[in-house]
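We number each residue from 1, following the sequence as shown. Here the structure is a predicted model, which is why all the values come from computation and not from measurement.
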Amino acid sequence: MRTGGNPLKRILIAMLLVLLALGAAGCGTQQQGGHDKKFRIVTSFYPMYIDAINITKGVDGVEVVNMTKPQTGCLHDYQLTTEDMKTLEKADAFIVNGAGMESFLDKVIKQQKNLKVIDASKSDDINFLKDGDEVNPHVWLSVTYNIAQVEAITSQLCEADPEHADAYRKNALDYVTKLTALREEMHKELDNLPHRDIVTFHEAFPYLAKEFKLNIISVIEREPGTEPTPHELEETVAKVNALPVKVLFTEPQYSPVAAQTIASETGAKMYELDPVVTGEANEEAMDAYITAMKKNMEVLKEALQ
């Protein structure tokens, strides 16, 4: 009875099995590190997330994550967390509003030297408003400037990820078409309002006011969370009392206590304008900007008749 066989044949078979095993392992590694590798986009806060998911809608191999929590709001004094830095370490691109909104941006650039930063406000079509020497960064609240931001993001994203450039451009065109229709509707409804003087909660709405020819006569809180001084309250009360239509606009993200004080002194009616800075990072966010701006339009129509 033969128990062995040709030794050379056994060696050759063994070597072939090893090579096949190595080849299979190599193919698996390539699939995980190659075709399955996602292009990861991180957005600084909610308005940038809305733009990003519209631009990347349905594009395979692209992932969008919003860095800040749903209730964060504007990033005026935002401090990066350890979790934020870990999120950015895994990112291929970081979409920011720019114009000074992300005060932490220098720190990110210093620590993440290979991270592609996409500045949504890097556009010749945006004319910044200033308070003294300080640029107002709330440009997305002008529908026209939000369109410019979508186009700026798309252009820079195509450079960062040319593989998906055609899909990005198509999606951006679709979204810009919707935003253009929104702008036309808002102009139709707001351009002929009989009253145009408004008092807003903080400095979020000058771009909205400029686009629709509204006049912000006073701001309740220059910085959210900073209570107005007694002198500032007195000045605002006087300005509201002089209005033919006494209305105040608060924001859903912040306490209305100061506005309530002014309302009790003047008899002004309170309304709510949404700066579109908070919300859940999911597919429903795709229409969040348009939905919120249409609601703002209806609020302004009701308040300023």
Side-chain angles (χ1 to χ4, degrees), residues 45-51 73-76 97-101 120-121 123 125-131 134-152 175-176 178-224 236 239-240 243 245 247-254 256 259 268-279 287-305:
F45 73 138
Y46 199 54
M48 299 301 100
Y49 178 78
I50 296 171
D51 288 347
C74 285
L75 303 178
H76 298 294
N97 179 77
M101 175 60 76
S121 299
S123 170
D125 295 327
I126 297 175
N127 296 314
F128 296 107
L129 300 175
K130 291 186 177 182
D131 184 4
E134 190 172 339
V135 172
N136 187 314
H138 302 84
V139 294
W140 68 92
L141 285 163
S142 157
V143 183
T144 296
Y145 287 172
N146 189 24
I147 290 171
Q149 286 192 309
V150 170
E151 291 172 343
Y175 190 42
V176 166
K178 293 179 181 179
L179 292 174
T180 301
L182 169 69
R183 180 175 60 187
E184 290 175 358
E185 181 182 358
M186 291 184 73
H187 274 293
K188 180 181 177 183
E189 298 294 334
L190 300 179
D191 281 355
N192 297 311
L193 289 175
H195 303 286
R196 317 201 73 77
D197 293 333
I198 62 175
V199 176
T200 60
F201 179 75
H202 90 290
E203 293 281 16
F205 294 101
Y207 291 99
L208 174 73
K210 180 184 177 183
E211 177 147 12
F212 297 103
K213 296 181 175 59
L214 303 174
N215 178 33
I216 299 176
I217 64 162
S218 188
V219 175
I220 297 169
E221 294 184 6
R222 291 286 170 185
E223 292 291 337
T236 302
K239 289 177 180 178
V240 172
L243 292 175
V245 174
V247 291
L248 305 172
F249 294 96
T250 62
E251 296 173 31
Q253 292 83 11
Y254 304 109
K269 190 169 181 180
M270 291 171 54
Y271 293 88
E272 199 171 75
L273 286 177
D274 189 352
V276 205
V277 291
T278 54
D287 297 320
Y289 179 83
I290 292 173
T291 300
M293 292 299 279
K294 282 187 176 182
K295 186 175 179 181
N296 287 340
M297 176 186 71
E298 294 299 331
V299 167
L300 288 166
K301 277 175 57 181
E302 180 182 342
L304 298 175
Q305 288 295 338

If you round to the nearest 0.5 Å, how far is [atom2] of [Y] from [atom1] of [X]?
X: Arg183; Y: Ile147; atom1: CZ; atom2: CD1; value: 4.0 Å
X: Thr144; Y: Asn127; atom1: OG1; atom2: CG; value: 11.0 Å
X: Asn146; Y: Leu208; atom1: CG; atom2: CG; value: 11.5 Å
X: Met186; Y: Ile290; atom1: CE; atom2: CD1; value: 11.0 Å
X: Leu214; Y: Leu193; atom1: CG; atom2: CG; value: 7.0 Å

Ring pair (Phe, Tyr, Trp, His ring centres under 6.0 Å) partners of [X], counting only residues at least two apart:
X: Tyr207; value: Tyr145
X: Phe205; value: none
X: Tyr175; value: none
X: Phe201; value: Tyr254

What pairs with [X] under side-chain hydrogen bond (donor to acceptor under 3.5 Å, both in side chains), at least two apart in sequence or on another chain?
X: Ser142; result: Glu211
X: Ser123; result: none
X: Lys301; result: Glu189
X: Asn97; result: Gln149

Minimum heavy-atom separation for [X] and [Y], please, with both atom names.
X: Thr250; Y: Pro256; value: CG2-CB, 4.0 Å
X: Gly73; Y: Phe45; value: O-CD1, 3.6 Å
X: Val139; Y: Ser121; value: CG2-OG, 3.6 Å
X: Leu273; Y: Pro252; value: O-CD, 3.4 Å
X: Val276; Y: Pro47; value: O-CG, 3.3 Å
X: Pro137; Y: Gly98; value: CB-O, 4.0 Å

(message) Using the rule side chain to side chain contact (heavy atoms under 4.5 Å, CB included), only one of Asp51, Val150, Leu182 pairs with Tyr289; which is it?
(response)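 So the option named by the test is Leu182.
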(request) Can you sort out the partners of Glu302 under side-chain contact (heavy atoms from CB on, under 4.5 Å), two or more places apart, ordered by chain and number? (result)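 In terms of side-chain contact (heavy atoms from CB on, under 4.5 Å), with neighbours along the sequence ignored, Glu302 is linked to Lys269, Tyr271.
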(request) Identify, with sequence neighbours excluded, every residue that meets side-chain contact (heavy atoms from CB on, under 4.5 Å) alongside Thr278. (result)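 For Thr278 the side-chain contact (heavy atoms from CB on, under 4.5 Å) partners, ignoring immediate neighbours, are Gln253.
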(message) Quick one: does any side-chain atom of Lys239 pair with a main-chain N or O of Ile217 as donor and acceptor, under 3.5 Å?
(response)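 The answer is yes, because a donor-acceptor pair under 3.5 Å joins these two groups.
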Show me, pair by pair, the donor-acceptor contacts under 3.5 angstrom made by side chains of residues 292-299, not counting sequence neighbours?
from, atom 1, to, atom 2, distance (Å)
Asn296, OD1, Asp274, N, 2.8
Asn296, ND2, Asp274, O, 2.8

(request) Check whether more than 12 heavy atoms from other residues, nucleotides or ligands sit under 6.0 Å from atom CD of Glu134, and answer yes or no. (result)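 Not more than 12 within 6.0 Å, no.
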(request) Mind jotting down which residue pairs meet the side-chain hydrogen bond (donor to acceptor under 3.5 Å, both in side chains) criterion with at least one end in residues 190-205? Sequence neighbours excluded, please. (result)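 Matches after skipping sequence neighbours: His187-Asp191, Asp197-Asn215, His202-Glu251, Glu203-Arg222.
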(message) Using 30° and 60° as the class boundaries, would you call the ring planes of Trp140 and His138 parallel, tilted or perpendicular?
(response)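 Ring orientation of Trp140 relative to His138: tilted.
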